[in-house]
Protein chains: 2
Amino acid sequence: MAKEQAAPRKRSEGAGASPARRASDRGHYGRLSRERVLASALQLVDREGLSALSMRRLGAELGVEAMALYRYAASKDALLDGLVEALYLELEEQLAAGPEPGTTAVDARARASAWRAELHRIARATHEVCLAHPQVMPLLSTRMLAVPLARRPLAVLRHHERVLALLQGAGLDETRSVAVFRAFTGWVLGYVSVELQAMVDNPEESDPAFRLGLHRMPPQELPRLRETAATLAEQGGPGDLAAGLDALLDRFVRVEEEREPRQNRTGPDKPPTRDAQD
Amino acid sequence: MAKEQAAPRKRSEGAGASPARRASDRGHYGRLSRERVLASALQLVDREGLSALSMRRLGAELGVEAMALYRYAASKDALLDGLVEALYLELEEQLAAGPEPGTTAVDARARASAWRAELHRIARATHEVCLAHPQVMPLLSTRMLAVPLARRPLAVLRHHERVLALLQGAGLDETRSVAVFRAFTGWVLGYVSVELQAMVDNPEESDPAFRLGLHRMPPQELPRLRETAATLAEQGGPGDLAAGLDALLDRFVRVEEEREPRQNRTGPDKPPTRDAQD
DNA sequence: GGATGTACGTATACAGCGTAAATATACGGC
DNA sequence: GCCGTATATTTACGCTGTATACGTACATCC
């Protein structure tokens, strides 16, 4: 963001947006900004997919030569990281929008697991943001594998911090909060990935079986998959995301009590789950 | 993809293993094969990363011009799908290797949840295979989002079939088996992704904090993340993977499992889903 | 005013990419 | 020997990311 009022300065600090002048007024100076570049890139990717994003194409989209973009993103990879950042900013915004006041009196139990409700809120918002930008989703997994923690966009790090603070604020020690952090991150990421998996083979087709392209799958080798494909193609929605999250939290938060003896138990002992909300 | 064996020769040649000819015997004829191409590609990616994989480079690796590869992979994307396929073949192989005989008498309970143990086995093997080829991991998420179900490599579809058969063989109806399938797939994928996230910023550095590049993170804005980063950089290992899987299975499947497990009944619909809040 | 320094965008160029098309080569069977 | 065909090469085209050099519009100071 540019600063509002430009104090007279002698050097550098390129002519911030002093209120009287708008970017569109200028000849061809100051047309760009990091926000404009990233917004345009996001829009382009949403519209035409990741493979449509090239420096030249994005430049054209902004009425500018490709090289001009390098002033706002050091490389194409940095631009991609910018897209990831944009998603996390959107997530932040959405989380800030509805903090679920819950001003009414709450009993101790509900207050105690307010952090659990907050995790659910984050998971759900993440789900929504990702579904809103399905084409960007591949970047979320890909860039996380490529960019070391310390070099990730600030918005991403803030998000990590937020989750960690939630867990440690709930009294989890470092070891356990890390375990829960990983379980949370992994589950949300994995669930959304599966939710967005490509299923439709031929969108033109009306017949469900042909739409899915089932005729391409050898019938005797993949009987159940063929039968189940239609159901598989539906989305699980936020309900199963929440259910799984509950299950994971129950397990990973309570591990402390029982400590180690867990391997392949299938015992009928049920976790005292649902305490967070409703 | 497409043409696998385009050799419906009528004349001999199909005479089983004609031992006389080996690929290495020939001048420059028959040097290649799909297996050799994929194996070399996998090796190249393992060694130098995905970005090192180009048609020309891979050709050079095999002592061949780039265009020669197009006989064995219809496009670069098809080659990438071939890499995914290679991973799943490795997974299949590993699963076939140790089927955990368990021929000794087992009580009913153990038999009833044999499918659960099998899911754990699959999860663990997946974990191992992915950790063995970390550079290929991005493809697993990426190609799944890009390639519709029906066009995925056969080995991938066989894997899906295997999991589905396991679930439906355990008596889960279609709706529930799909829910469990998605939870399983998502959890394993997400867990492994998080496990492989890049953490080390500067491998040369000996001091842990510098290795992680913590000096790049604003201290007052990200206090917990900085404190926790070292622990976060460790891997969770297969233990937490199994624990989370157990938790998810308990949640998504328990209703069925408590009744007679072998029979295909449609359980009382208590959906495993529940809404988080609102 | 004009000169100057700097931020911003352009122009040009290069190596590498994926791949379509035409061409050369080496083999199996006659 | 020849022929048909599976295989690999050659050539070429449009595209990519980006290094470098250059022009240009502005803010500031004399």
Side-chain angles (χ1 to χ4, degrees), chain A residues 2-3 5-18 20-34 36-37 40-41 44 48 50-82, chain B residues 1-15 18 20-34 36-37 40-41 44 48 50-82:
Chain A
K3 44 199 332 184
Q5 43 202 31
R9 52 203 59 225
K10 35 182 163 182
R11 297 284 159 102
S12 61
E13 163 63 39
S18 95
R21 52 219 317 207
R22 317 181 42 79
S24 52
D25 292 342
R26 323 207 171 181
H28 69 297
Y29 203 67
R31 285 183 294 186
L32 293 183
S33 72
R34 182 165 165 87
R36 256 169 68 63
V37 168
S40 197
L44 174 59
E48 304 189 31
L50 261 181
S51 60
L53 177 64
S54 77
M55 303 303 270
R56 285 171 172 87
R57 182 88 163 69
L58 178 57
E61 206 87 1
L62 287 158
V64 137
E65 296 302 311
M67 291 311 290
L69 303 172
Y70 281 82
R71 224 165 271 280
Y72 306 94
S75 68
K76 169 121 192 234
D77 276 352
L79 183 73
L80 296 181
D81 288 337
Chain B
M1 40 182 69
K3 55 183 308 178
E4 292 291 301
Q5 19 223 53
R9 339 186 152 201
K10 42 186 91 171
R11 320 175 181 271
S12 53
E13 158 61 46
S18 158
R21 46 201 321 209
R22 313 173 46 79
S24 52
D25 290 344
R26 322 202 170 188
H28 71 296
Y29 203 69
R31 286 181 294 184
L32 295 183
S33 71
R34 181 164 167 89
R36 255 169 69 63
V37 167
S40 196
L44 174 59
E48 304 190 32
L50 260 180
S51 61
L53 177 64
S54 76
M55 303 303 272
R56 287 172 169 88
R57 181 89 164 70
L58 178 57
E61 207 86 0
L62 287 158
V64 137
E65 296 302 312
M67 292 308 292
L69 303 173
Y70 281 82
R71 210 165 287 276
Y72 307 95
S75 68
K76 170 125 193 230
D77 275 352
L79 183 73
L80 296 180
D81 288 336

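Order of the sequence lines sets the chain letters (A, B, ...), proteins ahead of strands, with each chain counted from 1.
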Side chain of [X] only, please: which of [options] is the nearest?
| X | options | result |
| --- | --- | --- |
| B:Tyr72 | C:dG9, D:dT7, C:dT19 | D:dT7 |
| A:Ala68 | C:dT19, D:dT18, C:dT10 | C:dT10 |
| B:Glu65 | D:dT9, D:dA8, D:dT16 | D:dT9 |
| A:Ser75 | C:dA11, D:dA8, D:dT18 | D:dT18 |

Quiz item: CZ/B:Arg71 to CZ/B:Arg34 distance, rounded to the nearest 0.5 angstrom?
Solution: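 It comes to 14.5 Å.
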Quiz prompt | Point-to-point distance, once rounded to the nearest 0.5 Å, from CD of A:Glu48 to CG of A:Leu44 | solution = 5.5 Å
Nearest whole Å is fine: how far is [N] [atom2] from [X] [atom1]?
| X | N | atom1 | atom2 | answer |
| --- | --- | --- | --- | --- |
| A:Leu58 | D:dT18 | CG | P | 13 Å |
| B:Arg36 | D:dA8 | CZ | P | 10 Å |
| B:Leu32 | C:dA26 | CG | P | 15 Å |
| B:Met55 | D:dT10 | CE | P | 17 Å |
| B:Leu53 | C:dG18 | CG | C1' | 12 Å |
| B:Leu50 | C:dC17 | CG | C1' | 15 Å |
| B:Arg71 | C:dA24 | CZ | C1' | 13 Å |
| A:Asp77 | D:dT16 | CG | P | 16 Å |

Quiz item: Do B:Tyr70 and B:Met55 come within less than 4.5 Å of each other through their side chains, counting heavy atoms only?
Solution: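 Sidechains of B:Met55 and B:Tyr70: in contact.
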Quiz item: Hey, are the side chains of A:Leu69 and A:Leu79 touching, using non-hydrogen atoms and a 4.5 Å cut-off?
Solution: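 No, every pair of side-chain atoms sits at 4.5 Å or beyond.
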Exercise. Using heavy atoms to find the nearest nucleotide of DNA chain D for A:Met67 and A:Ser54 separately, return the residue whose nucleotide is more 5′.
Key: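 Going by which nucleotide is closer to the 5' end, it is A:Ser54.
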Quiz item: Under 4.0 Å: is that the gap between some side-chain N or O of B:Arg31 and OP1 or OP2 of D:dT9?
Solution: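 So the side chain of B:Arg31 is within the cut-off, an N or O lying under 4.0 Å from OP1 or OP2 of D:dT9.
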Quiz item: Are any of A:Tyr70's side-chain N or O atoms less than 4.0 Å away from OP1 or OP2 of D:dT20?
Solution: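 So the side-chain polar atoms of A:Tyr70 never come under 4.0 Å of the phosphate oxygens OP1 or OP2 of D:dT20.
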Self-check item: 5' priority, DNA chain C, between A:Gly63 and B:Lys76 [closest heavy atom]
Solution: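 Closest to the 5' end, via its nearest nucleotide, is A:Gly63.
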Exercise. Check if the side chain of A:Arg56 and the base of D:dG17 share a donor-acceptor pair of N or O atoms closer than 3.5 Å.
Key: yes
Quiz item: Is a donor on one side and an acceptor on the other found under 3.5 Å between the side chain of A:Arg56 and the backbone of A:Ala66?
Solution: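 Absent.
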